[in-house]
Amino acid sequence: MEYKFSEIEKRWQHYWEKNQTFKVKEDKSKPKYYVLDMFPYPSGAGLHVGHPLGYIASDIYSRYKILKGFNVLHPMGYDAFGLPAEQYAIQTGQHPAVTTENNIRRYREQMDKIGFCYDWSREVRTCDPDYYKWTQWVFIKLYGHWFNKKTNKAEPVDMLIAEFERNGNTAVEAAQNECRVFTAEEWNSMTEKDQQLILLNYRLAYHADTMVNWCPALGTVLANDEVKDGYSVRGGHPVEQKKMKQWLLRVSAYAERLIESLDRLDWSDSLKEIQKNWIGRSVGAVINFSLDHGTRNNNKHGIEVFTTRPDTVFGCTYMVLAPEHELVEKITSPELRSAVEEYLIETKKRTERERMADTKTITGQFTGAYAIHPFSGEKLQVWISDYVLAGYGTGAIMAVPAHDSRDYDFAKHFELPITEVVTGGDISQGSYDAKEGVLINSGFLDGLEVQDAIAKTITELERKGIGYKQVNYRLRDAIFSRQRYWGEPFPVYYKDEVPYVLDEEDLPLVLPEVDAYLPTEKGEPPLGRAKNWKTGEGYPIELSTMPGFAGSSAYYLRYMDPKNDSELVSKEANLYWENVDLYIGGTEHATGHLIYSRFWNKFLYDIGMVCRDEPFKKLINQGMIQGRSNFVYRIKSSNRFVSLGLKDDYDVTPIHVDVNIVNNDILNVELFRKWNPEYDDAEFIFEEDGTYRCGYAIEKMSKSLYNVVNPDDIIEQYGADTLRLYEMFLGPLEQSKPWDTNGIDGVHKFLRKLWKLFHNEKNEPELSDEKPSPDELKILHKTIKKIEEDIERFSFNTSVSAFMICVNELSSLKCNKREILRDLVIILSPFAPHIAEELWQLLGNQGTISKTEFPAYKSGYLEEKTVQYPVSFNGKTRLKINFPAGYDNKDIEDELMRNESVLKYLQGQIPKKIIVVQGRIINIVTGK
RNA sequence: GCGGAUGUGGCGGAAUUGGUAGACGCGCUAGACUUAGGAUCUAGUGCCGCAAGGCGUGGGGGUUCGAGUCCCUUCAUCCGCACCA
């Protein structure tokens, strides 16, 4: 029988489904292992060959872990709410639920063909009310908690209210919005509305006016990680800054814990680094500068600044406020008022994007106000400039031009004084920003090293009561509202314009039907069109929906207990599965999903819902599969195409051509004519051998570049096992690499060679029960060892090579012995499960191979009687000599000096030194 | 500008702890079988050279008996952040 992969693969996929082979339950008799893939957003385009890369890797690892005796949780689901489905709905009028359902069906078909070992009974979809009930539930919990800085964790708002009733808010240390100080009496005499508005400043999910990233084209606000360089990540539409009332999640409260526990995670350095940068922790001091008595409003206000370099305080020669700073209007002198206002108008005109694109142009305006240096008492000019950001620190800086390059450029431009206070640089040339050197011109700091000076300055600030040590974070609270339809509705209603959450019993709050997926005439989000969108008592319900990251923040918990309708996850299930042991997915979620889900998890940990404070122990970012585009070269203003080798003789335009009509860079001319009617009568200038050769380039895999390869086509032609092996064979999992279908023959041939080991020339099964020879055992056990080591370090590309070597060697020995092939098929089964199942049965076994045991390699079979040593002279390998395995260094040296070839290479010289590394190499050193 | 990653044949890549550089596969060359080949099999294939031999892991320098691997320096490409005080 031939290797009929389509038949075999269909048969086993059916078998796994029928027998529920990969259904998994909590089983305390076995150690657990949780392997998770980042679940996909089911787009209309379906999967291309790049998408399953990570799924195949995690599948191999899961199957391997099962063979190793683990109880493996390996689920899959869909991140099904989101913008593309809604945009499509707006264009076509189709309900996003319908297109989403279709896309999911297509994804599922494609995934099923690849032969994954998912437990599909645990599938989740974020758009399913039974699922988003729990997303809404977590939101209610976030609303019901605040972050206590004293205990460094979330606590119920009820406890906070009790504290307010007893003592007011003076002793409360919370991660909070700005809020006035009040006593218990004041609190107790407030109206309910006022109390609720104050509590909003403390809740972990809160409603507030903030500057948001508004995307007019999408008609919604976006989170910071959904915006890149002033454009939306999805769709690439321009984004502007706008003040709006929004729901926010107080992620910033967890900034310290998010950064601190990063060290305990087995994630790549680069990913940890990205997260660290995004969270952006910096240690410094807050310093209060008082205003000069000649300045307006000088009694009421001072300028608070944040600095990471309090040691350079004596180098501060002027101050700068962000244009949006609230003090600007209060302290500007009458003479300069019009100039300042003009500057403010100018900066407002510039969009965020322009400000970012153009950091070279230095702009600013003196306000006419002066501050007083806290130590020297000098008068300092107060400027405004857009190089100071309103959103970071206090929105104001003490400028130290000698030791900050931005301040330096500004000072030079406006001819402000520059005072050197740390030695080590040349102030006439530029600022000296390094944190090394000795303090000068700095009063009580003179002579100190930078680090000591920082500490001493802070002590002095605290003693004088004008400053304190401060840790600042770049991480902003996450804006959680989207003015869109296709997302989770907020379980929120408004009473007298104050938001309240629904009772947990009323969940899920199901997404209502609307007549169009567009804003209302009043400019409200689409939910404004829903009929009866109010509570039983008639209070209006929130019109925004939640963003994409809401549904993906706790999905890994839901897989543990997906059908539970009374809890997000039961205690038992959570205590058994704990958290994800291995998480595989793309690096594009580094600052979004991977921050938010860590935050949600830490919150759920605080409230006792989950037993681990981190969701994903080990994380691997699979590399991107790039496309390999092909080009034809059209001679300008003609319909003639010239082959790659001759194109330099003509004036040509390269044109992308569909890679599916090109084979090994040779164009199929007939298919090319049919591909596009425009080329029907094209003429060609061929190579000497009569072929048309195409050029190529490595680019993103994309429809518009005609380089998309569909896994279905590959499976049709070569089978899923070949696809799986080839995806792994391409290169290291974590690296980006181009897809080139041309190479796939190699792994396909390998499977056919394997098949042949089990069959004779007539293609009939023929297996032997003879005892294996030492050579055969050595080949097998060498491979078992290698495969096990490779899988453990996720080096699947080298595993595939090892299998090829093994089959090549067994083929040349014509080995068809059951004892050898049995183990070989088991270790191959995680990689190529269908053919493995088929051959397993051919070997006479019953049932599935996937629940057998991974064979243990025996080192005894690998021992050699003789060792071949490469012999090098001064590091250059010249020859190879065999020595008995037992020889020690002396034995080897003695025999070397009697060896003719060695003597020939020595040419009479006496070796200075002979280095023998047992079992590895010999190096003979001669003098020079 | 800061941070991270990567540079090895015509191509994808291997070399896990400093120990035979180029495993494995594609492609290419030659041959066999064949009416035919986008099938199969055999042999060869880093570069220069008829050969002996020499040169070779982006470039330069160093440590070492020995460096793709360690150190210094430099270049290129990709990714992340970016007036973050």
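Since the model is a prediction, treat every value here as computed from it, not as a measurement. Note on naming: letters A, B, ... go to the chains in the order of the sequence lines (proteins, then strands), and numbering restarts at 1 for each one.
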Among [options], the nucleotide that comes nearest once only the side chain of [X] is considered:
{"X": "A/P738", "options": "B/rC83, B/rG12, B/rA82", "value": "B/rG12"}
{"X": "A/F729", "options": "B/rC24, B/rA15, B/rU20", "value": "B/rC24"}
{"X": "A/M804", "options": "B/rC83, B/rC24, B/rA15", "value": "B/rC24"}
{"X": "A/D386", "options": "B/rG80, B/rG13, B/rC83", "value": "B/rC83"}
{"X": "A/L730", "options": "B/rG12, B/rA82, B/rG4", "value": "B/rG12"}
{"X": "A/N742", "options": "B/rC26, B/rA23, B/rG80", "value": "B/rC26"}
{"X": "A/T798", "options": "B/rA15, B/rG4, B/rC81", "value": "B/rA15"}
{"X": "A/T308", "options": "B/rG13, B/rA85, B/rU16", "value": "B/rA85"}
{"X": "A/E273", "options": "B/rG19, B/rG12, B/rG4", "value": "B/rG4"}
{"X": "A/D790", "options": "B/rU16, B/rU20, B/rC24", "value": "B/rU16"}

From CG of A/D740 across to P of B/rG13 the rounded distance in Å is 11 Å
When you match A/K913 and A/P870 each to their closest nucleotide on RNA chain B, which lands nearer the 5' end?
A/P870
Looking at [N], I'd like to know if its phosphate oxygens (OP1 or OP2) sit under 4.0 Å from a side-chain N or O belonging to [X].
{"X": "A/R628", "N": "B/rG12", "value": "no"}
{"X": "A/T312", "N": "B/rA85", "value": "no"}
{"X": "A/S872", "N": "B/rC65", "value": "no"}
{"X": "A/N923", "N": "B/rG66", "value": "no"}
{"X": "A/N797", "N": "B/rA14", "value": "yes"}
{"X": "A/N808", "N": "B/rG25", "value": "yes"}

Report the base-pairing partner of B/rC65 (Watson-Crick or G-U wobble, both distances below 3.5 angstrom), or none.
B/rG19
Taking a pair to mean Watson-Crick or G-U wobble geometry with both distances below 3.5 Å, B/rC50 pairs with none
[atom1] gap between [N] and [M], integer Å:
{"N": "B/rA51", "M": "B/rC11", "atom1": "C1'", "value": "31 Å"}
{"N": "B/rU64", "M": "B/rU74", "atom1": "P", "value": "23 Å"}
{"N": "B/rG22", "M": "B/rA15", "atom1": "P", "value": "13 Å"}
{"N": "B/rA21", "M": "B/rG56", "atom1": "P", "value": "13 Å"}
{"N": "B/rU42", "M": "B/rC48", "atom1": "C1'", "value": "29 Å"}
{"N": "B/rG59", "M": "B/rG53", "atom1": "P", "value": "26 Å"}
{"N": "B/rG27", "M": "B/rC81", "atom1": "C1'", "value": "41 Å"}
{"N": "B/rA5", "M": "B/rC70", "atom1": "P", "value": "12 Å"}

Review item, nucleotides 38-46 of chain B N/O atoms under 3.5 Å of protein N/O:
| from | atom 1 | to | atom 2 | distance (Å) |
| --- | --- | --- | --- | --- |
| B/rU40 | OP1 | A/R752 | NH2 | 2.8 |

Are [X] and [Y] ion-paired here, with the side-chain N under 4.0 Å from a carboxylate O?
{"X": "A/R309", "Y": "A/D311", "answer": "yes"}
{"X": "A/K756", "Y": "A/E2", "answer": "no"}
{"X": "A/D665", "Y": "A/R693", "answer": "no"}

For B/rG46, decide between syn and anti, treating a glycosidic angle within 90° of 0 as syn.
anti
For A/R281, report the nucleic acid contact type (base, sugar-phosphate, nothing); a contact means any heavy atom under 4.0 Å.
nothing
Using side-chain contact (heavy atoms from CB on, under 4.5 Å), reason through A/I892 and A/Q918 one step at a time and then give a plain yes or no.
CA-CA 10 Å; A/I892 290 172; A/Q918 272 294 327; 4.1 Å; yes
Would you say A/E716 has more than 12 foreign heavy atoms packed within less than 6.0 Å of its CD?
no
Start with the C-alpha gap between A/F729 and A/F796, add the side-chain angles, then the distance that decides, and say whether side-chain contact (heavy atoms from CB on, under 4.5 Å) holds.
CA-CA 7 Å; A/F729 188 63; A/F796 301 126; over 6 Å; no
Check the pair A/R793 / A/E789 against salt bridge (Lys or Arg N to Asp or Glu O under 4.0 Å), numbers first and verdict last.
CA-CA 7 Å; A/R793 65 190 174 103; A/E789 285 168 357; over 6 Å; no
Chi angles and distances behind the side-chain contact (heavy atoms from CB on, under 4.5 Å) call for A/F410, A/Y408:
CA-CA 5 Å; A/F410 192 85; A/Y408 187 90; over 6 Å; no
Is a side-chain donor-acceptor pair under 3.5 Å present for A/S431 with A/D404?
no
